[in-house]
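Here is how names work: the chains are called A, B, and so on, in the same order as the sequence lines, proteins then strands, and each is numbered from 1. Both backbone and side-chain heavy atoms feed into the values below; hydrogens, waters and symmetry mates do not. Everything numeric here is computed off the predicted structure, so don't read it as measured data.
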Amino acid sequence: MACWLLKTEPDTFSLDDLAARPAQTEPWDGVRNYQARNFLRDGMQPGDEVFIYHSSCAVPAIVGLADVVGPARPDPSQFDPHSPYYDPRSDRDNPRWVLRDIRYRSHLPRPLPLAELRLHAAQLEGFALLQRSRLSVMPVAPGHRNLILQLAAGA
DNA sequence: GCCAACGTTGGC
DNA sequence: GCCAACGTTGGC
């Protein structure tokens, strides 16, 4: 079972917001980057594990865990002219953008700040989050996943 | 608020 | 198909 990381701006939608949703589940919409889209659409499987990361905030950090629920499906916001995610060039018969439904699992024992992850850069080599990547959906290698859980659980 | 990184757009 | 200009992300 694969592991992923999703970025979100907590001012817009936080882990707490996810936990407060009906069925603690939210359509993860608004992804408008092709590489991220491909991970969402082609990489993820139902049941996969997801780290939730808070970006563009006082302490950017990995804050919790969630699960992928069900298959990829077209992101309705791409067809909504009033949505900030509207894409007039997307074709209804061949939608360009997809979303996944994401269900809350847990908060980490403590948030794990990006600055702290950087202290372990050697062990996290290849982790897209540390390479100033603008990717909002990225894979997490098993070894990296275990280290993250270990750090969040420990000192 | 600054600015570096970097993905996307569009002229040629 | 190249690549410069542009816009956005996101840490600091």
Item to check | Joint cluster assignment, A:L135 & A:Y85, ILVMFWY side-chain distance < 4.5 Å | outcome: no
Checklist entry - Is there a chain of hydrophobic side chains (I, L, V, M, F, W, Y, each step under 4.5 Å between heavy atoms) that links A:M44 to A:Y53? => result yes
Item to check | Interatomic spacing from NE2 in A:H144 to CE in A:M138 - rounded to 0.5 Å | outcome: 12.5 Å
Checklist entry - When we call it a touch if two heavy atoms are under 4.0 Å apart, what does A:Q35 touch: a base, just sugar-phosphate, or nothing? => result nothing
Checklist entry - Under 4.0 angstrom, heavy atoms only, what part of the nucleic acid is A:R89 near: base, sugar-phosphate, or nothing? => result sugar-phosphate
Checklist entry - Does the side chain of A:S14 come under 3.5 Å of the side chain of A:D17 through a donor N or O and an acceptor N or O? => result yes
Checklist entry - Would A:S77 and A:R32 count as having a side-chain donor-acceptor pair, cut-off 3.5 Å? => result yes
Checklist entry - So do A:V50 and A:W28 actually touch side chain to side chain, heavy atoms under 4.5 Å? => result no
Checklist entry - Does a side-chain heavy-atom distance below 4.5 Å link A:W97 with A:Y34? => result yes
Item to check | Atom pair distance, as rounded to whole Å: CG in A:L119 and C1' in C:dG11 | outcome: 15 Å
Checklist entry - Reading nucleotides 4-9 of chain C from the 5' end, what letters show protein touch, with B for base, S for backbone sugar-phosphate only, - for no heavy atom under 4.0 Å? => result ---BBS
Checklist entry - Sub-3.5 Å donor-acceptor pair from the side chain of A:N94 to the main-chain atoms of A:D91, do we have one? => result no
Checklist outcome for this item: Rounded to 10°, the helix from B:dG1-C:dC12 to B:dC12-C:dG1 deviates from straight, judged by its five-pair end axes, by 10°
